[in-house]
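Because the structure is predicted, anything quoted here is derived from the model rather than measured. Scope of the values below: all heavy atoms of this structure, side chains included, with no hydrogens, waters or symmetry mates.
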Amino acid sequence: MVYGYCRVSTKTQARDGNSFEDQAVQIINAYPNAELVKEAYSGASKDRPMFNWLMRTLDADDILVVTKLDRFCRSVKEGLEYIEILDGAGVTVHVLNMGIFDGSPTGKIVTTMMLAFAEFERSLILERTQAGKALAREKPGYREGRPEKVSREEVKRVRDSGMNVKEGCEMLGISRSTWYAKLAEV
């Protein structure tokens, strides 16, 4: 059996070529009979229910396919552990943009190096993100978090106009929870 594992962690990954659809197309192009397993969880999260299910489900002679290494794991240690477990169980791991990982001495050194580069890249991304946030904090008017969709005054004005909650939420483009949270601030 061939299983294709597709994972996204953020909405912006659709722009980065990591959307479910992009991953699914790449996997199905390589393995038309693959059963796709999709998950929307951060790779840094230890709680990936679909991945954990997949790890329990894979049997000898199965193939696990992912498009990129970072869809599979986030660290050298984690990747080596998963690959060792899967290789020991007779499962082939195929990372489409790198190749098939196996338990041979050459395969192990190549896998370790690729995982190290992936972890290094992830560390650089986090470092640049933190540096960018630090610079932004120094600018006048900086606010932590997402910009507000609407102010509490706008919600109050819409409520006071006589609209019910459903109409007000639709007009402002907010959820009921945002509506009530903004009114609680007033």
Side-chain angles (χ1 to χ4, degrees), residues 1-137 144-146:
M1 182 82 181
V2 178
Y3 292 93
Y5 180 67
C6 306
R7 184 184 62 77
V8 297
S9 55
T10 64
K11 292 178 182 176
T12 60
Q13 287 188 328
R15 295 190 304 252
D16 301 337
N18 285 330
S19 70
F20 280 138
E21 295 76 23
D22 290 336
Q23 292 176 62
V25 165
Q26 290 176 49
I27 290 169
I28 294 300
N29 283 341
Y31 295 91
N33 62 335
E35 180 178 322
L36 297 178
V37 176
K38 296 180 179 180
E39 184 155 60
Y41 267 87
S42 168
S45 172
K46 294 292 181 194
D47 183 31
R48 294 189 286 165
M50 293 307 296
F51 184 76
N52 295 337
W53 171 85
L54 189 55
M55 289 294 289
R56 290 188 307 271
T57 302
L58 290 162
D59 291 320
D61 298 323
D62 284 346
I63 300 172
L64 173 61
V65 186
V66 294
T67 56
K68 298 176 185 174
L69 199 53
D70 67 349
R71 303 296 90 205
F72 178 66
C73 62
R74 285 293 195 193
S75 71
V76 175
K77 181 182 177 201
E78 179 186 51
L80 289 174
E81 286 173 358
Y82 287 140
I83 290 170
E84 185 175 326
I85 290 167
L86 294 169
D87 186 53
V91 176
T92 300
V93 178
H94 187 180
V95 180
L96 291 178
N97 71 342
M98 292 183 175
I100 294 175
F101 291 174
D102 61 24
S104 70
T106 303
K108 285 181 180 179
I109 190 68
V110 170
T111 300
T112 303
M113 289 172 29
M114 293 302 198
L115 288 166
F117 281 120
E119 185 175 334
F120 176 67
E121 178 184 28
R122 177 72 181 142
S123 296
L124 289 178
I125 290 168
L126 290 173
E127 191 176 273
R128 287 192 302 264
T129 301
Q130 294 306 318
K133 285 181 179 180
L135 281 174
R137 282 187 201 103
E144 189 74 38
R146 296 180 184 159

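The two residues N29 and P32 make their nearest non-hydrogen contact at O-CD, 4.5 Å. Taking each heavy atom of L96 and A30 in turn, the nearest pair found is CD2-CB, 3.8 Å. The shortest heavy-atom contact between A24 and C6 is N-SG, 4.0 Å. Nearest heavy-atom pair across A34 and I27 is CB-CG2, 3.9 Å. The heavy-atom pair separating C73 from G79 by the smallest distance is SG-CA, 3.5 Å.
Using a 4.5 Å heavy-atom cutoff, the side chains of V37 and W53 are in contact. For the pair T112/L80, a side-chain contact is recorded, criterion being any heavy-atom separation below 4.5 Å from C-beta on. Side-chain contact check for T57 versus Y3: some heavy-atom pair is nearer than 4.5 Å. The side-chain heavy atoms of F72 and L115, taken from C-beta on, include no pair separated by under 4.5 Å. Within the 4.5 Å cutoff, no side-chain heavy atoms of I63 are placed close to those of I100.
Between the side chain of R7 and the backbone N or O of D70 there is at least one donor-acceptor pair closer than 3.5 Å. D62 places no side-chain N or O within 3.5 Å of a backbone atom of V91 that could act as its donor or acceptor partner.
A distance of 13.0 Å separates CZ in R122 from CG in L69, rounded to the nearest 0.5 Å. Taken from OG in S19 to CD in E21, the straight-line distance is 4.5 Å, to the nearest 0.5 Å. The structure places CZ of F101 at 6.5 Å from CE of M114, a figure rounded to the nearest 0.5 Å. Separation of atoms CD (E119) and CG (L124) is listed at 11.0 Å; rounding is to 0.5 Å. Residue I125 holds its CD1 atom at 12.5 Å from CD of Q130, rounded to the nearest 0.5 Å. L54 CG to N52 CG: the interatomic distance, rounded to the nearest 0.5 Å, is 9.5 Å.
Two rings, from Y82 and F51, have their centers less than 6.0 Å apart.
Under 4.0 Å is where a charged nitrogen must lie from a carboxylate oxygen, and between E84 and K108 no such pair does. Ion pairing between a basic and an acidic side chain is recognised when a charged N comes within 4.0 Å of a carboxylate O; R48 and E78 show such pairing.
Of the candidates R71, Q23, E39, Y5 forms a side-chain hydrogen bond (donor to acceptor under 3.5 Å, both in side chains) with just one, namely E39.
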Chi angles and distances behind the salt bridge (Lys or Arg N to Asp or Glu O under 4.0 Å) call for K133, E144: CA-CA 9 Å; K133 285 181 179 180; E144 189 74 38; 5.3 Å; no
